[in-house]
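Atoms within a ligand are numbered from 1 in the order they appear, just like the ligands themselves.
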Amino acid sequence: MSVDIDVTTLLGRYDEVRAYTERLAAPLSPEDQTVQSMPDVSPTKWHRAHVTWFFETFLLAENEPDFAPFGDQYWFLFNSYYEGVGPRHSRPMRGMISRPGARDVGRYRGNVDDRMRHLLDTLDEGTHVKLAPTIELGFHHEQQHQELLLMDIKHVFSLNPLLPAYAGHTLVGNESGPLGWKAYEGGLVEIGHDPTADGGFSFDNELPRHQQWLLPYRLSDRLVTNGEWMEFISDDGYCRPELWLSDGWTRVNAGGWTAPLYWTERDGIWFEHTLSGTRPVDRSVPVCHVSHYEADAYATWAGKRLPTEAEWENAARLEGDSTTDLANLADQQTWHPRAAGLPDGRLRQLFGDCWEWTSSAYLRYPGFQPAPGAIGEYNGKFMSSQMVLRGGCALTSLGHARASYRNFFPPAARWPLTGVRLADHATTGYTT
Ligand SMILES: [Fe+2]
């Protein structure tokens, strides 16, 4: 990670990122903000407090003269997983924290904001240069939690019998057109963060940039749609073990999976729980909330496969910036993937809409070096038993998606906003 920005820019960025978190939480009552619907989900107010704890722990504690924490117990309650910082509250028990309440968390945020602004205002040039990467990491960390906040409240509301909506929004009708393919030559390619193309910031897991060898391959020019997923269901896709990875088949049976996470069938019609309420499944919209196991089984059923993360990134770089222009990210406030529109020669929906499962295990890049100290626990220690996803989703904050970004989730995860792009082998050069 490296950044080179001045104090005024840092202050502006700080206020912008922090205010957006509060705007996302604003439609939610203190009761909404307290519920933890499953161990993977965190309460809204916990997200708001934890990102605040991050700034307090990794910036104020080490740089504020006469530092004293806002509250000793807050360090225990809102440390997520940093062994190097100290003991913490159990993750599956975050929903038990009825106190401090949502308003207390607001006071905590205000206190740390005031102290952070003062710190930034009084930094000398040398300290500014030294701290800028950690401050910028705090921004991107908070953006990750902004997305999680939305994914998590969606799950919370899905278990409320009243099926409340987070925010009303009517999607403009559109179509997806037929699935097309783009072919890539492969060969010796470079992947990993490129400061010139990707901007100054990256997480440590995007480094170092390195070479990989790719055979010729093709990627589908849009995501798999709900309509295509219905064909998979109709062809007994959830009932045929030959389509599934062994662990996936176990999860299908243990979980009783018959459709994507938020789908329910009433009188032969599929309905879908969304952040804008429950509505009939739109056949032209990308399927979402499927696990890696489901994505892989679908690809097998379709006679295709999932892309590797190197294939995805190489294609994204060849597509260039045009794919990010109209990306369906959180700033669009659709809160949901939308139809791809008609083919236009590009890889549609590359950024935004749904995080795209790859067939790549989440592993260290050659030469990967985590940062020293507790902050080095940010990414590296999770490089086991998880799969990489690329591209961003409709809940991803603007400015948080880039070609080298490596998201990761366990292969059985369904509550993230995930979707499917297909791949296969090719023997020719670029065609559409
Ligand atoms: Fe975090």
Any donor-acceptor N or O pair under 3.5 Å, side chains Tyr166, Asp32: no
Those residues that, when tested against Asp104, pass side-chain contact (heavy atoms from CB on, under 4.5 Å) (two or more places apart): Tyr74, Pro100, Arg107
Atoms named by residue and atom, protein N, O or S, within reach of the Fe ion (ligand 1) (under 2.8 Å): His50 NE2, His141 NE2, His145 NE2
Contacts of type side-chain hydrogen bond (donor to acceptor under 3.5 Å, both in side chains), residue His210, not counting sequence neighbours: Gln212
ring-ring contact (aromatic ring centres under 6.0 Å, His included) contacts in which one or both residues fall within residues 5-34, not counting sequence neighbours: Tyr14-Phe55
Residue pair Glu294 / Trp229, side-chain donor-acceptor N/O under 3.5 Å: no
Distance-only donor-acceptor check, side chains Glu31 and Thr34, under 3.5 Å: no
